[in-house]
Amino acid sequence: MGPTPYQYLPLWARVAIERLDACADLRTESMLDELLTAYAKTYGEPVDEQTRESARHICRRRFLGTFGADAGVVDRTAPPGAA
């Protein structure tokens, strides 16, 4: 089974995706997982793997290059241009 389209996701999953859309600093898989868990708990529902993977798939496509395990994480201790 493929990913669930955005419009068929539970409201709490769509809210989590839109939260990442509003703040680029939050665009990591771990933050998405935290938001999904917290918002689903608010609705008294568990997060199933189909919904979690569908939300990740949507975020990977929506936030090209700025979403992932390390994407969006900036080392603020290193000077600009340092490798």
Side-chain angles (χ1 to χ4, degrees):
M1 180 186 303
T4 304
Y6 178 83
Q7 67 267 25
Y8 296 115
L9 290 174
L11 178 61
W12 47 264
R14 289 181 281 159
V15 170
I17 294 168
E18 295 306 323
R19 180 68 180 103
L20 297 185
D21 193 29
C23 185
D25 292 339
L26 302 178
R27 292 181 191 163
T28 63
E29 283 191 18
S30 60
M31 180 54 71
L32 175 62
D33 289 344
E34 286 182 41
L35 290 173
L36 288 171
T37 301
Y39 293 159
K41 185 177 179 181
T42 301
Y43 282 81
E45 297 179 15
V47 182
D48 60 278
E49 279 307 305
Q50 175 68 27
T51 300
R52 186 178 308 278
E53 286 304 316
S54 295
R56 287 178 180 167
H57 176 79
I58 290 165
C59 287
R60 280 186 213 108
R61 292 190 62 186
R62 184 183 286 195
F63 311 124
L64 293 173
T66 62
F67 179 79
D70 297 325
V73 177
V74 177
D75 182 6
R76 303 215 187 271
T77 61

Using atom types as modelled and distance alone, determine if a side-chain donor or acceptor of Ser54 lies under 3.5 Å from a backbone N or O of Pro3.
no
Please check: side-chain N/O of Gln50 versus main-chain N/O of Gly2, any donor-acceptor pairing under 3.5 Å?
yes
For a side-chain contact (heavy atoms from CB on, under 4.5 Å) check, start with the C-alpha distance between Phe67 and Leu20, then their side-chain angles and the critical distance, and finish with the verdict.
CA-CA 9 Å; Phe67 179 79; Leu20 297 185; 4.0 Å; yes
Are a donor atom and an acceptor atom from the side chains of Asp48 and Thr51 found within less than 3.5 Å of each other?
yes
side-chain contact (heavy atoms from CB on, under 4.5 Å) evaluation trace for Met31 with Asp25
CA-CA 10 Å; Met31 180 54 71; Asp25 292 339; over 6 Å; no
Applying salt bridge (Lys or Arg N to Asp or Glu O under 4.0 Å), name anything that partners [X], two or more places apart in sequence or on another chain.
| X | result |
| --- | --- |
| Glu53 | Arg56 |
| Glu34 | none |
| Arg60 | Glu29 |

Mind checking what makes side chain to side chain contact (heavy atoms under 4.5 Å, CB included) contact with Leu11, not counting sequence neighbours?
Arg14, Val15, Tyr43
Pro5: what forms a side chain to side chain contact (heavy atoms under 4.5 Å, CB included) with it, not counting sequence neighbours?
Gln7, Tyr8
Rounded to the nearest 0.5 Å, how far does OG of Ser30 lie from CG of Leu35?
9.5 Å
Rounded to the nearest 0.5 angstrom, the OG1-CH2 distance for Thr42 and Trp12 is 10.5 Å
Should the heavy atoms of other residues, nucleotides or ligands under 6.0 Å from CZ of Arg61 be counted, would the total exceed 12?
no
Non-hydrogen side-chain atoms of [X] and [Y] separated by less than 4.5 Å:
| X | Y | answer |
| --- | --- | --- |
| Val47 | Tyr39 | no |
| Thr37 | Arg52 | yes |
| Arg27 | Asp21 | yes |

Members besides Ile17 in its Ile/Leu/Val/Met/Phe/Trp/Tyr cluster (side-chain heavy atoms under 4.5 Å)
Tyr6, Leu9, Ile58
